[in-house]
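Predicted, not measured: the structure shown is a model, and the values here were computed from it. Only this structure's heavy atoms are used, side chains among them; waters, hydrogens and symmetry mates stay out.
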Amino acid sequence: MWRVLRRAVAVGRRGTAVLQGRCCRLSAWGHCQPLPRTGRLHTEPAVRTCAAVTMPEVSTDHLDEQQVQLLAEMCILIDENDRRIGADTKKNCHLNENIDRGLLHRAFSVFLFNTENKLLLQQRSNAKITFPDCFTNTCCSHPLSHPLELEENDAIGVRRAAQRRMKAELGIPMEQVTPEEIFYLTRIHYKAKSDGIWGEHEIDYILFVQKDVTLNPDPNEIQSYCYVTQKELKQLLDKASRNEVKITPWFKLIAETFLFKWWDNLPHLNKFVDHEKIHRM
């Protein structure tokens, strides 16, 4: 059964908080976790920042205040081979005008299964700036341009970021899922528009976890969530193909290409590991 959250929404950047959403099935909302802010990278010989590049001006006054605050976070800029070339704000990385110029950043997608082999899905909050209301995998976000999340050996920086975001979005205590328990499979490269202004252009690290966890989701991030079987996910994908529900483009690509094969082999994922190839989707 899908658990539906309700949230307090700030209307615009200077608006008044109002209550929005359907009946809450949780005993408490949980605390909205603001993410840590990070500064721009110091200039290094092999790394550039985008501070000097002219970026388009886009008003965010009509958007959710908490989500607007997150636009200041610094994402990791990369080239098409996932080599780090700098850093820029989440806002600039997700503007279609910049994406059309080739701006590309690093991201990750977590697929968390419980010990019954059910996959945890979420429906993104309608406060989200990109792909609001869409159903998607457990957690999707970005490592930040911070020393702990820039570290690339065995994707440890990305796995640390996944641990951080599972806490922020789903309320999973950080000690319940450590970076060492997050399994890095492979990477995909995709691009998709959310609307006329915002979009995604990412090299996305695919991360698997199998563990029973405690959930306390942030309703500003997540509208509803549910553990599903393979049959239930296929039914959801069928509904999406008939435009009855919306799913995120990266989740659609992964589900149609790889997911069920991996799901059938959760105890034997090592045979699917490919850290060399970036799958161009």
Side-chain angles (χ1 to χ4, degrees), residues 33-44 46-58 60 63-64 66-110 124 127-132 136-137 139-152 155-169 179 182 184 187-195 197-207 221 248-250 278 281:
Q33 299 283 341
L35 300 186
R37 302 290 175 257
T38 58
R40 292 185 182 271
L41 283 174
H42 295 295
T43 302
E44 302 173 14
V47 179
R48 64 178 177 83
T49 63
C50 288
V53 178
T54 301
M55 292 294 178
E57 288 297 324
V58 174
T60 57
L63 300 174
D64 178 86
Q66 182 175 327
Q67 294 295 321
V68 168
Q69 290 173 355
L70 299 180
L71 291 177
E73 290 180 334
M74 297 298 291
C75 292
I76 301 168
L77 296 184
I78 51 177
D79 66 15
E80 290 199 348
N81 294 310
D82 196 25
R83 290 186 292 249
R84 181 166 60 96
I85 59 172
D88 208 342
T89 63
K90 182 179 176 183
K91 177 182 177 181
N92 283 336
C93 287
H94 289 84
L95 288 171
N96 287 327
E97 186 171 344
N98 296 331
I99 291 171
D100 290 342
R101 297 171 180 167
L103 206 64
L104 175 64
H105 63 278
R106 190 172 289 164
F108 61 82
S109 287
V110 177
R124 291 163 67 86
K128 298 292 282 186
I129 294 170
T130 58
F131 302 100
T136 195
N137 52 288
C139 181
C140 330
S141 192
H142 320 90
L144 300 180
S145 185
H146 178 279
L148 284 176
E149 296 184 10
L150 284 167
E151 192 173 340
E152 296 182 347
I156 185 61
V158 172
R159 290 185 285 125
R160 287 170 181 150
Q163 179 196 37
R164 169 178 61 80
R165 285 303 299 173
M166 283 192 282
K167 171 68 170 76
E169 293 186 21
I182 300 172
Y184 163 41
R187 294 167 290 176
I188 69 167
H189 177 189
Y190 78 97
K191 180 164 64 172
K193 289 187 177 182
S194 177
D195 57 27
I197 298 173
W198 304 97
E200 296 282 3
H201 188 206
E202 303 177 329
I203 289 182
D204 194 16
Y205 284 64
I206 310 303
L207 307 174
E221 294 284 344
T248 59
W250 61 88
I278 300 172
M281 310 294 281

Can you check whether Ser141 reaches Glu169 side chain to side chain, under 4.5 Å on heavy atoms?
yes
Among Leu104, Asn96, Ile99, whose side-chain contact (heavy atoms from CB on, under 4.5 Å) with Lys191 holds?
Ile99
Counting the benzene-type ring for Trp, do Trp250 and Phe131 have ring centres under 6.0 Å apart?
yes
Return the minimal non-hydrogen interatomic distance between Pro143 and Gly157, and the atom names on each side.
CB-O, 4.5 Å
Check against side chain to side chain contact (heavy atoms under 4.5 Å, CB included), Gln67 and Glu221
CA-CA 9 Å; Gln67 294 295 321; Glu221 294 284 344; 3.3 Å; yes
Atom of Ser109, atom of Asn137 and distance for their closest heavy-atom approach
CB-ND2, 3.5 Å
Is the gap between the ring centers of His201 and His189 under 6.0 Å?
yes
Compute whether any side-chain donor of one residue and acceptor of the other, for Thr136 and Thr248, lie under 3.5 angstrom apart.
yes
For Arg160, run the side chain to side chain donor-acceptor pair (under 3.5 Å) check against Glu149, His146, Glu151 and tell me which one passes.
Glu151
Can you find a pair of side-chain heavy atoms, one from His105 and one from Lys90, that are under 4.5 Å apart?
no
Do Ile278 and Ile188 have side-chain heavy atoms sitting under 4.5 Å apart?
no
Do you know which two heavy atoms are closest between Ser145 and Cys75, and how far apart they sit?
CB-O, 4.1 Å
When rounded to the nearest 0.5 angstrom, what distance separates CG in Leu95 from CG in Asp88?
9.5 Å
For Asp82, is there any backbone N or O sitting under 3.5 Å from a side-chain donor or acceptor partner on Arg106?
yes
Between Arg124 and Thr130, is there a side-chain donor-acceptor contact under 3.5 Å, judged purely by atom types and distance?
yes
Might you point out which heavy atoms bring Ala72 and Thr89 nearest each other, and give the distance in Å?
O-CG2, 4.2 Å
Taking atom types as modelled, is there a side-chain donor on Glu202 or His142 under 3.5 Å from an acceptor on the other?
yes
Would you find a donor on one side and an acceptor on the other, under 3.5 Å apart, between the side chain of Asn81 and the backbone of Arg83?
no
Answer whether the closest heavy-atom distance between the side chains of Arg84 and Glu152 falls below 4.5 Å.
yes
Can you measure from OG (Ser194) to CD1 (Ile129) and round to the nearest 0.5 angstrom?
10.0 Å
Looking only at heavy atoms, the pair that brings Leu71 and Trp198 closest together is CD1-CH2, 4.1 Å
What's the separation between atom SG in Cys139 and atom NZ in Lys167, rounded to the nearest 0.5 Å?
12.5 Å
Where the side chain of Asp204 meets the backbone of Phe108, is there a donor-acceptor pair that is under 3.5 Å apart?
yes
Start with the C-alpha gap between Arg164 and Leu144, add the side-chain angles, then the distance that decides, and say whether side chain to side chain contact (heavy atoms under 4.5 Å, CB included) holds.
CA-CA 11 Å; Arg164 169 178 61 80; Leu144 300 180; 3.4 Å; yes
Donor-acceptor pair, side chain of Arg187 and main chain of Ile203, under 3.5 angstrom
no
Please test Arg101 against Glu97 for side chain to side chain contact (heavy atoms under 4.5 Å, CB included), starting from the C-alpha separation and ending with a verdict.
CA-CA 7 Å; Arg101 297 171 180 167; Glu97 186 171 344; 3.1 Å; yes
Hey, is the main chain of Asn92 close enough, under 3.5 Å, to the side chain of Asn98 for a donor-acceptor pair?
yes
Quick one: closest heavy-atom pair of Ile182 and Met166, and the distance?
CD1-CE, 3.9 Å
